[in-house]
Asks: 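Submitted below is the structure of interest, expressed as structure tokens.
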Amino acid sequence: MTHPTLLVIAHGSRDPRHAATVHALTERVRAERPGLRVETAFLEFNAPSVPRVLERLASEGADQVVALPLLLTRAFHAKTDIPSVLREARARLPRLHIRQADVLGPSPLLNATLGRRLREAGVRPGDLPRTGLVLASAGSSDPEAIAVIAEIARELRYTGWCAVRPAFASALLPRTEDVVRELRAEGVERVAVAPYVIAPGRLPDRIAAGAEAAGADVLADVLGPAPELARLLLNRFDEARVPVGASLSA
């Protein structure tokens with residue numbers, strides 16, 4: 001039996017920055033754990049597709065794959081799209097054992113990545129008591145995913161920010177610009193916007209445009225290939241490859 005392969009499954013985008021960022025992240029994962037085979041696949045827009053990569057792995061003799069959704073919440077893609085693709089692959093490739101890992105969020109490592117990006121954008125610890133934070137996610141129609149974003153915003157509120165509010169780039173309100181203006185109207189001195197998004201694309205661009213239109217003081221970068229995010233991918237891989245009840249050190 002071979003060692004498991006980590007298959008990172010990203011959504012994909014027509015924006016070339018998206019795939020470039022995903023590949024940069026998987027390269028960092030490889031660097032973090034030499035010897036681990038890490039492959040990348042996309043649900044749409046980009047190549048290679050998930051079925052194509054799994055077929056190639058099976059033809060090369062792989063027998064174990066951990067399929068890791070590059071997603072921050074358990075919404076439609078994690079609950080429906082990816083399981084469907086993997087079920088079809090299992091039926092076609094019965095000798096390939098495919099296990100789906102959990103989504104990335106919520107996690108302290110994601111919060112640490114947000115903090116890294118905000119520091120890189122110029123936020124200092126002394127700024128927090130007078131700064132409101134807009135946690136700007138892509139958005140979802142899934143109530144579980146929205147509840148997770150709301151809970152992350154509540155957690156971040158206790159790390160020193162004078163206020164933390166969620167905003168969304170699609171599917172529901174409020175938009176980034178609405179929340180920036182709301183915080184200003186409440187007398188918040190400074191406003192920072194942190195995209196809770198992994199890679200660039202149409203929705204992160206919408207977040208950035210909203211932040212600029214409303215005059216936010218700070219706009220952080222997307223999460224991208226941060227070292228904390230690479231470690232989180234490896235954590236999810238380890239959790240998925242160890243049988244329930246077994247120890248990670250076993």
Side-chain angles (χ1 to χ4, degrees), residues 1-13 16-107 109-110 113 198-199 201 222-250:
M1 182 174 287
T2 62
H3 292 294
T5 295
L6 171 57
L7 174 60
V8 178
I9 302 178
H11 181 270
S13 171
R17 297 174 298 167
H18 176 92
T21 300
V22 171
H23 287 303
L25 176 58
T26 54
E27 281 298 326
R28 185 176 283 273
V29 171
R30 291 186 187 99
E32 289 276 340
R33 188 170 296 181
L36 173 63
R37 182 169 183 177
V38 183
E39 299 284 346
T40 308
F42 299 89
L43 287 175
E44 55 183 341
F45 301 122
N46 301 105
S49 68
V50 178
R52 180 63 60 87
V53 174
L54 290 171
E55 289 163 5
R56 175 167 55 79
L57 288 171
S59 71
E60 293 173 357
D63 56 14
Q64 296 185 76
V65 173
V66 171
L68 195 161
L70 196 62
L71 302 170
L72 299 176
T73 59
R74 279 181 47 79
F76 182 80
H77 294 305
K79 293 179 178 179
T80 303
D81 280 354
I82 292 176
S84 176
V85 171
L86 297 182
R87 277 195 303 271
E88 293 173 3
R90 290 186 188 104
R92 292 194 318 274
L93 307 166
R95 294 185 180 181
L96 186 62
H97 179 72
I98 305 168
R99 183 174 296 175
Q100 182 175 336
D102 201 0
V103 296
L104 300 178
S107 168
L109 286 169
L110 285 173
T113 307
I198 292 174
V222 296
L223 301 176
E228 297 88 353
L229 192 53
R231 288 198 294 273
L232 178 55
L233 265 66
L234 288 169
N235 288 352
R236 293 291 186 255
F237 169 75
D238 290 336
E239 292 162 1
R241 71 186 179 91
V242 175
V244 174
S247 169
L248 285 175
S249 61

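Keep in mind that the numbers below use all heavy atoms, side chains included, and drop hydrogens, waters and symmetry copies.
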Asks: Under a 3.5 Å distance rule, please check whether Arg28 uses its side chain to pair with a backbone N or O of Pro225 as donor and acceptor.
Replies: yes
Asks: If I compare all heavy atoms of Ile198 with all of Val222, which pair ends up nearest, and what's the gap?
Replies: O-CG2, 3.6 Å
Asks: Please round to the nearest 0.5 Å and tell me the distance separating atom CG of Asp238 and atom CZ of Arg231.
Replies: 13.5 Å
Asks: Main chain of Ser13, side chain of Asn46: is a donor-acceptor contact present, judged purely on distance under 3.5 Å?
Replies: yes
Asks: In terms of the angle between their ring planes, are Phe42 and His23 parallel, tilted or perpendicular, with boundaries placed at 30° and 60°?
Replies: perpendicular
Asks: If you measure from CG on Leu6 to CZ on Arg33, what distance do you get to the nearest 0.5 Å?
Replies: 9.0 Å
Asks: Decide yes or no on side-chain contact (heavy atoms from CB on, under 4.5 Å) for Ile9 and Leu68, but give the supporting numbers first.
Replies: CA-CA 6 Å; Ile9 302 178; Leu68 195 161; over 6 Å; no
Asks: For residues Leu36 and Phe237, report the shortest heavy-atom separation together with the two atoms involved.
Replies: CD1-CZ, 3.6 Å
Asks: Using 0.5 Å steps for rounding, measure from the CG atom of Asn235 to the CG atom of Leu109.
Replies: 6.0 Å
Asks: Looking just at side-chain N and O atoms, do His11 and Glu44 make a donor-acceptor pair shorter than 3.5 Å?
Replies: yes
Asks: Quick check: do Leu72 and Leu223 have side-chain heavy atoms less than 4.5 Å from each other?
Replies: yes
Asks: Any chance you could measure Leu104, atom CG, to Thr73, atom OG1, to the nearest 0.5 Å?
Replies: 10.0 Å
Asks: If every non-hydrogen atom of Arg37 is compared with every non-hydrogen atom of Arg56, which pair is closest and at what distance?
Replies: NH2-NH1, 3.3 Å
Asks: Donor-acceptor check, side chain of His18 to backbone of Gly12, threshold 3.5 angstrom: yes or no?
Replies: yes
Asks: Return the CD to CZ distance between Glu239 and Arg99, rounded to the nearest 0.5 Å.
Replies: 12.0 Å
Asks: Can you tell me which residue among Val29, Thr5, Leu7 is in a side chain to side chain contact (heavy atoms under 4.5 Å, CB included) with Val38?
Replies: Val29
Asks: Over all heavy atoms of both residues, which pair between Ala101 and Arg236 is shortest? Give the atoms and the distance, please.
Replies: CB-O, 3.9 Å
Asks: For the CZ atom on Arg30, are there more than 12 heavy atoms of other groups (residues, nucleotides or ligands in this structure) within a distance under 6.0 Å?
Replies: yes
Asks: Less than 4.5 Å apart, any side-chain heavy atom of Arg87 and any of Pro83?
Replies: yes
Asks: So, for Ala230 and Leu25, which heavy atoms are closest and what is the spacing to 0.1 Å?
Replies: N-CD1, 3.9 Å
Asks: Might you point out which heavy atoms bring Thr113 and Leu229 nearest each other, and give the distance in Å?
Replies: OG1-N, 3.8 Å
Asks: Looking at Val103, is its backbone amide N or carbonyl O close enough to the side chain of Arg74 to form a donor-acceptor pair, meaning the two atoms are under 3.5 Å apart?
Replies: no
Asks: Answer yes or no: is there a side-chain heavy-atom contact under 4.5 Å between Gln64 and Arg241?
Replies: no
Asks: Counting C-beta onward and ignoring hydrogens, is there a side-chain heavy-atom pair between Leu86 and Val50 closer than 4.5 Å?
Replies: yes
